[in-house]
Amino acid sequence: MAAGKGTRMKSTLPKVLHRLGGRALLGHVVDCAAQLSARRAVIVTGHGAIEVEAVCARFQGFPSTFGAKLDIRFARQEPQLGTGHAMQQAVPLLADDGVTLVLSGDVPLTKAATLQALIDECDGQRLALLTLKMAEPTGYGRIVRSGLDASAQVRAIVEHKDATDAQRQITEIYSGIMAVPTVLLRRWLARLDNQNAQREYYLTDIVKFAAADGVAVVAHQITDAAQVAGVNSPVQLAELERVYQSRCAVALMEQGVRLADPSRFDMRGQLTCGQDVEIDVNCVFEGTVSLGSRVRIGANCVIANCTIAAHAVIHPFTHIDGEKLGVTVGEGALVGPFARLRPGVQLGAEVHIGNFVEVKNSTLGKGAKANHLAYLGDATVGERVNFGAGSITANYDGANKHRTVIGDDVQIGSNCVLVAPITIGAGGTVGGGSTLGKSTEPGGLHVARAKQVSLPNWKRAVKKAS
Ligand code: UD1
Ligand code: CA
């Protein structure tokens, strides 16, 4: 269910599209359904339906975590007349021979194992409710049983606004998540009315129908409140973000990754790590990132969509984003501090990229170095090349991009401009301060700058006395 408005977010973005761990809230819920190998996911949309549906359509092909086989359908609910009404829109798209798992698009942290246990309790024949004891249950639907002890039969769910004072004392609440045989759900939904305090069609009313029809109702009670916590406000979103980040950090540390401080670590995608990886404080990982064995990431790095081979060191304040083309950093390479690697960069083994160096869509051979204040764009750089401080490839003529090819063992001095398209032959040396517009043969010294003039008797101007 994802049709609700989310007024308290005070945002124009539909609530279920707000991001947690870099991904839409609804994405987490759909991911969970995919992990359960659901046959079909029906998403009930209403508020911001067009935007929500457009984002969900992209989940179909989301790498690895989203099962590509999950068949996603949409049911529009306009207007929104309650959770029962929402489910009435969805059931025509569900097959009678299955079990329907009801989830909320704004509850992102439910674990697949918890839902599997709920489905097992349902067992294709019972109504299984996910419940929780809460010290402060105000606002939630209460689980009403036939007696006082915990084993007493579940008779109904009573919404807070409809509950008597005695019922409001009940601390066991309905989480909003249930598993129900679809054929029974369809039958019960047809019997709903809106004769209640909110004039809504309550999905929770099906519990009393189940009890009346002699269908067993089971309450599957959990203790981890984060798994059923919904997002209604920016404060709650930030709280759940911390829970999510701490889960990710713990999972990595259990694999042996050493995080300098798990509370200063942010994962907004998927990170795979080899053995003995070390990550200093305040690093953000986005998209798909892979770190080889013994990789070290310094403090304050933002690293997205890249593969870093074993023994490479990324020094502090480095920004890497491979976007769609990706970035690869070779074995034992040193990058940063203050380096920027953009899409399409492939650094060979033992390459050094130093401070204030930007590299885009370029390949650097083994042992090549650009240690200070440089720009390499659309370049193919050979092995052992040394690219001097302040030098750049002028890859853009104002209309088109051109390639620079630098052969093996070339030495580019400081403050050079290589005007592409250009090839610097292997083993050549380019004198500092040169602007080269023509390709060079292998070897030799290539200098293109004004000759030095020295005037030994020149007098500097002196200030006039006033
Ligand atoms: C619901 C339950 C309540 C439970 C609580 C847990 C009902 C009647 N009550 O309460 O017992 O304790 O969840 O959080 O089900 N939605 C729609 N269309 C609608 C109304 C809601 O799609 O017409 C969606 C919302 O976007 C949300 C979910 O259903 O994702 C739950 O709606 P919400 O309004 O939060 O449920 P409550 O009434 O608070
Ligand atoms: Ca709610």
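Only this structure's heavy atoms are used, side chains among them; waters, hydrogens and symmetry mates stay out. One-based numbering, in listed order, for ligands and for the atoms of each.
Checked for salt-bridge contact, Asp71 and Arg40 meet the test: a charged N lies under 4.0 Å from a carboxylate O. A salt bridge between Arg39 and Asp97 is present, with a side-chain N of the basic residue lying under 4.0 Å from a carboxylate O of the acidic one. Using a 4.0 Å cut-off between charged side-chain N and carboxylate O, Arg296 and Asp276 make no salt bridge. Comment: Glu241 does not engage Arg19 in a salt bridge, judged by the lack of any side-chain N to carboxylate O separation of less than 4.0 angstrom.
Nearest to atom 9 (N) of ligand 1 by heavy-atom distance, out of Met178, Glu159, His160, is Glu159. Nearest to atom 18 (N) of ligand 1 by heavy atom, out of Glu78, Gln77, Gln80, is Gln77.
In summary, the atoms of ligand 1 found under 4.0 Å from a heavy atom of Gly141, numbered by their order in the structure, are 3 (C), 4 (C), 11 (O), 12 (O). For ligand 1, the atoms sitting less than 4.0 Å from at least one non-hydrogen atom of Ala86 are 17 (C), 18 (N), 22 (O), numbered in the order shown with element in parentheses. Interface atoms of ligand 1 facing Tyr202, defined by a heavy-atom separation under 4.0 Å, are 8 (C).
Ligand 1 has no atom lying under 4.0 Å from any heavy atom of Ile173. For the pair Ser175 and ligand 1, a heavy-atom separation below 4.0 Å is found. Within the structure, the closest approach of His85 to ligand 1 does not fall below 4.0 Å when heavy atoms are considered.
Relative ring orientation between Tyr201 and His85 is described as tilted, the plane-to-plane angle lying within the 30° to 60° band.
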Can you give me every donor-acceptor pair (side chain of residues 312-332, partner residue at least two apart or in another chain, under 3.5 Å) with its distance?
{"unit_1": "Thr318", "atom_1": "OG1", "unit_2": "His315", "atom_2": "O", "d": "2.9"}
{"unit_1": "Asp321", "atom_1": "OD1", "unit_2": "Asn305", "atom_2": "ND2", "d": "3.4"}
{"unit_1": "Asp321", "atom_1": "OD1", "unit_2": "Glu323", "atom_2": "N", "d": "2.8"}

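Here Val228 has no heavy atoms under 4.0 Å from ligand 1, in either its backbone or its side chain.
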